[in-house]
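Contents: one structure, followed by commentary.
Note: hydrogens, waters and symmetry copies are ignored here, and every other heavy atom, side chains too, is used.
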Amino acid sequence: MKKILFLLAFLATAVHAAPKIEHWAAPSGARVYFVETRVLPILDVSVDFAAGTAYGPADKTGVADLTRALLEAGAGNLDEEQISAKLVDIGARMSGSADADRAGMSLRTLSSQAEREAALDLLRTVLSAPTFPGSVLVREKGRTIAGIREADTRPDSVAAKRFAAAIYPGHAYGASATVESVERIGRDDLVAFHRDNYAAKRAVVSIIGDVSRGEAEAIAQRLTEALPAGKADVTIPPVAKPVRGTVKIAHPASQSHIHIGAPAIARTDPDYYALLLGNYVLGGGGFVSRLMQEVREKRGYAYSVYSYFAPRKLEGPFEIGLQTKREQAGEAIKVVEEVLAKFLAEGPTAKELAAAKKNLVDGLALRIDSNAKILGYLSSIGFYGLPLTYLDDFPAKINAVTASDIKAAFARHVKPEQLVTVIVAAD
Amino acid sequence: MTKPAPLLALVATLIAVSPAPTTRRRKAALLFLTQAVLLGAAGVTFANPFETKLANGLRVIVKEDRRAPTAVHMIWYRAGAMDEKDGTSGVAHVLEHMMFKGTKKLAAGEFNKIVAEAGGRDNAFTSLDYTAYFQIVPNRALPRMMELEADRMSNLQLTAKEFEQEIKVVMEERRMRTEDNPQSLVYEAMRSAAFQAHPYRRPVIGWMDDLEHMNWKDAQDWYRSWYTPANAYVVVVGDIDHQQVFRLAEKTYGRIKPRALPERKPQNEPAQAGIKRVTVKAPAKLPYLLMAWKVPKLNDVDKDREPYALEVLATVLDGHDAARFSKNLVRGSKIAQSAGAGYDGGTLRGEAMFMLDGQPAEGKTVPELEAALRDEVKRVAEEGVSPEELARVKTQTIASQVYKRDSMMAQAMEIGGLEAAGHKWQDIDKLLEKIRGVTVGEVQAVARKYFNDDTLTVAVLDPLPPDQAKPKKSAMATRH
C-alpha cells in the first residue's frame, strides 16, 4: 500500500516537545514566565493581577471591570486619545480582560526596537499610572449601565447571570454588575481598587517571542517596578454549596435557555485531569460527547448542548447548557438529567475513555501551536501556581487516569443534591 | 479606551455546523485589510504557497509552515446561499450539516469521531458565496483527513431518516441565531429589502418556512449539483511537504470523476432608485440602526481603484481604536453606545455594500445617530482624510500581516477567502500594495460618489419591552 509510505513520512516529523518555559521573580516581586521564540518578529506580553470581580466591594460589583477598562482612559500625562493614537501608530494591539479571579492587560507588538520600546512604555504607563479621569468615568458608567439594561432583555445573558447567582448564593463568584451597583461606583473606588490590587506581588508577567532572556528580565522589571505597593494578599471567602432547585424566568423568546450545574472545582485540585477527561465524554468533546449524541444527534432538540468545568481559585462552576424550542424544554431537560445520572452512576466506558485520552493527548500539539496560545498557558501556569512542567507532564497525567478515578472524581465534585437548574423563557 | 465590539461582527453571514467557541468574530472589512502577505516585514521570500491542479479539475494549494507539528486541511466549494433557489433557501447550509451524516463507507458521526481520536478539531461553515469544511490536526493525521474529505465529496449517503433529525437541529439553530436575536433580524430584514432580484436577499440560514418544507431530496439535488472537483479547491497550511500533499491529493481526491456544473445565472440587481426603510420590532432595550449603501466590489485586482479606497474609508471610520467613529461618536460627542463601519466588497462573488451601524447612547435617538453617522461620511467627502490617518492604515496593514503568521488557520482562511471570490492567492501581495497606494483624493472621491440616498437601505430595531412581547410559539409541527 502506497498510502502507508506517505503516512510514515508524516510520522517522522511528528515529535515535538512542549516549549521551554523559564521562570523567575523580578526584583519588583512579580512572578515572570518566559518562552523565547525567534521565528516571528513579534513579542507578546501579558500582565495579570489577582484583581478580578471577586476582589471588589460587594455593594459595588462592576468596579473590577471598570478599573481595568479605564486603565487606557488616561495614564501618566496622556489622555485616552493620545494612548489609542500612539498604539495605532506603532501597529501594536493592547487588550484587557477581567474574570472572577484575574484582571490584566496583554500587548502584541512587532519586536523591532522602536515599536517594541514604545509599546512597552505605554503598557507600563497604563498599568502603573492610570489617571481615571472623572469625565471618562461618567461616560463609561453610562455605557455600562446601558449595556446592562440591554443585556437584561436578552435570554442568554439573563440565563447566565441568574445561573451564577443561583449557584453562588451570597458569594462574589455569583455577583453581576447591576444598574444600582454601577451607579454607586465613584472615582475613589477605582483609585482604591487599583492601589490595592494592581501590585507587583499580585502580578504574573508572561512573555513570549523575539527577545532574549536578558531582555525579558528587563521588560518584566520595567513593567512592574512602578506599580503601587498593594494590599497583602486578600483571600476570597469560601464558597457555600447551593441546594438543589429550579429557577424559572419568564421571557418571550422562542427557545428556552437552560443551565444546570453547581460550584465544582478549584484549579489546583488534583482531580482536574479526571474531570477534564470525564467531561470530554459527558459533554465537552463536541459531536462525540454523550450529551451531543442524545440531545442533538438522536433527538434534534438543540443546535448547541455542552458541559464544562471552569476551574477558578476556589470552586469554579460545572455547567450543562442548551437552548431548545420552549415547548420541548421539559423533555430536553429530562434527557439531560438521564445522561448525567447515568454518567455519574457508571462513569465512562473503556472505549470512551481511550478515545478521550487520544484526543486530549494528541490534541495538545494544536493547543500550543502559536505564540498567542502559549501566552495563555504561561498566564494560567503563573496565576494558579501550576508546575513549570505542566505542558510536559500533561500526557502522562491524562494517561494515568482510570475510569474509576473519573467516577470517583465526579462523585466528589458533581453532587445531584446541589445541582441548580435555571430556565429562561420557560412555559 | 478599548474599542467597543463592532456590531457588524455580531451579524453572522458565516454559519457553522457546530457552535463556535466564544471567540470574537472579525468583520468582513477587516478580513480584507488583513489579507496580507507573508513576506515583507521579515524580509524573506519563499516559493510558498504551492499549487497544483488535478486532472478532474480540483485545485490544491499548499502553504508550508513549520512552526508546529500541526496542519490545517480545508476544502472550499464555490456553492453558497446565493446559488440556492426560492423555496429551498438554506439548503447549502443544511447540506453542510448532512455532510457529517455518513458515506457508503462511514456511519453517521464517524467522521467527527475519527478526527477527535486523531487529536483534531473539525467544523464547517456556509456563507452567501461558498461552503467550506476544515480539520485542524497533528500533521501525521493529514493523509487520513484527505481520504475522509475526498470520500464525502463523492460518496455521501443521504437518508430521509438522518435528514428528518438534522433539519430540526437547523431550525433550532435558526431560532438561536436569528429568531431570538434582534440585531440578526434587522440584518436579515435589511438584506431582503436592499436586494430585490439578487439572491443576496435570502439569509444563509434560510427562511423558517423553507426549512419546514425541505426534504432530503432537496439536499441530495444540491449535493449532486455542486459537490464536484472542478467546483472545489483544497487549502492545506502546516508542517507538511507540498509534494507529499500533492501526491496524497492525487491518491484521494484524484479518483473522483468530474461532473458538469449547472449554469449560473448572473441575477444582477437592477439599479436602486430611492431610499428604502424597514423597521423590525423585537424584545430589546436599545434601538439599533443599520445603514447599507450599494457600492462597487473588487473585480479586477489590477485595474480597479475604488474598492481599495472604500476599504481604506472603512478603516479610517472604524478600523482601530483611534478611528473616527470611536473617537468622535462614542468618546467625543457621546451620541453612540457603539458604532461600526464595514465594506464587504473585497472578497465577494455577489454585490457589495458599505455598511454603517450603531446603537444610540441612552437619551439619544435613532434619527440623531443616523445624522451623526451621515455627518462622518460627509466630513470625509468635504474635507478628505489626513495623511496621518492614511499612514495608520498602512501601519495597521503591515502589522496585521506579521501577526497573522502566528495562526495557521488565519493563513488558510486568507487563501480560501480570496479564491472564493474568484481572486488568486498570488494576488495577496498586490492587494496589500494597492491598499497602501490609496490616496487622500481617492478616499474623498468614493465618499462623495457612493453615499447618496438613492442606493441606501436603512433598517431599524424598534425595541419592545420583553414583558410586552408575546411568547413566540413555534409553528405547528407539520413535519412528519
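Under the 3.5 Å distance criterion, with hydrogens and angles disregarded, no donor-acceptor pair is assigned to the side chains of B/Arg175 and A/Tyr303. Side-chain contact of A/Asn359 with B/Arg121: a donor-acceptor pair under 3.5 Å is absent, judged by distance alone.
When heavy atoms are compared at a cutoff of 4.5 Å, A/Val288 approaches chain B solely by way of its side chain, counted from C-beta outward. Residue B/Lys327 touches chain A through both its backbone and its side chain, counting heavy-atom pairs closer than 4.5 Å. Of the atoms belonging to B/Val137, it is backbone heavy atoms, and not side-chain ones, that fall under 4.5 Å from chain A. Contact of B/Ala469 with chain A is made through backbone and side chain together, with heavy-atom distances under 4.5 Å. Heavy atoms closer than 4.5 Å to chain B are found nowhere in A/Ala250, neither backbone nor side chain. Of the two parts of B/Gln165, the backbone and the side chain both hold a non-hydrogen atom closer than 4.5 Å to a non-hydrogen atom of chain A. For A/Arg154, no part lies under 4.5 angstrom from a heavy atom of chain B. If you measure heavy-atom distances from A/Ile90 to chain B, the contacts under 4.5 Å come from the backbone alone. Only the backbone of B/Ala118 comes within less than 4.5 Å of a heavy atom of chain A; no side-chain atom from C-beta onward does. Residue A/Lys86 does not touch chain B at all, counting heavy-atom pairs closer than 4.5 Å. In this structure, the portion of A/Gln328 lying under 4.5 Å from any heavy atom of chain B is its side chain and not its backbone.
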Between A/Asp152 and B/Lys285, does the salt bridge (Lys or Arg N to Asp or Glu O under 4.0 Å) criterion hold? Intermediate values first, please. CA-CA 8 Å; A/Asp152 286 348; B/Lys285 175 73 185 170; over 6 Å; no
Start with the C-alpha gap between B/Arg140 and A/Asp362, add the side-chain angles, then the distance that decides, and say whether salt bridge (Lys or Arg N to Asp or Glu O under 4.0 Å) holds. CA-CA 10 Å; B/Arg140 63 182 177 273; A/Asp362 287 349; 3.3 Å; yes
Apply salt bridge (Lys or Arg N to Asp or Glu O under 4.0 Å) to the pair B/Glu166 and A/Arg296, showing each step before the final yes or no. CA-CA 8 Å; B/Glu166 196 60 23; A/Arg296 172 168 161 164; 3.2 Å; yes
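A salt bridge is defined here as a Lys NZ or Arg NE, NH1 or NH2 lying under 4.0 Å from an Asp or Glu carboxylate O, and A/Glu297 with B/Lys101 meets this definition.
The closest side-chain heavy-atom distance from B/Glu362 to A/Glu150 is not below 4.5 Å. Using a 4.5 Å heavy-atom threshold, the side chains of A/Leu40 and B/Arg67 count as touching. Within the 4.5 Å cutoff, the side chain of A/Pro252 has heavy atoms near those of the B/Pro466 side chain.
Sparse packing is recorded around NZ of A/Lys358, with 12 or fewer heavy atoms of other residues, nucleotides or ligands lying under 6.0 Å away. Within a 6.0 Å radius of NZ in B/Lys394, other residues, nucleotides and ligands contribute 12 heavy atoms or fewer. By the 6.0 Å contact criterion, NZ on A/Lys373 is enclosed, its count of non-hydrogen atoms from other residues, nucleotides or ligands being greater than 12.
To the nearest 0.5 Å, atom CZ of residue A/Arg139 and atom NZ of residue B/Lys334 are 6.5 Å apart. Rounding to the nearest 0.5 angstrom, the gap separating the OG1 atom in B/Thr70 from the CG atom in A/Asp369 is 4.0 Å. For the atom pair A/Ile42 CD1 and B/Asp406 CG, the distance stands at 4.5 Å (nearest 0.5 Å). Put simply, OG1 on A/Thr324 and CE on B/Met176 are 12.0 Å apart, with the number rounded to the nearest 0.5 Å.
At least one donor-acceptor pair under 3.5 Å links the side chain of B/Glu172 to the backbone N or O of A/Lys325. In this structure a side-chain-to-backbone donor-acceptor pair under 3.5 Å is missing from A/Gln255 to B/Asp180. In terms of modelled atom types and a separation under 3.5 Å, the side chain of A/Arg143 and the main chain of B/Gln337 share a donor-acceptor contact.
Contacts with chain A were tallied for B/Ala116, B/Gly109, B/Ala399, B/Pro138; B/Ala116 has the most, counting heavy-atom pairs under 4.5 Å.
A cation-pi geometry, defined here as NZ or CZ lying under 6.0 Å from the six-membered ring centre and within 45° of its normal, does not hold between A/Arg93 and B/Tyr403.
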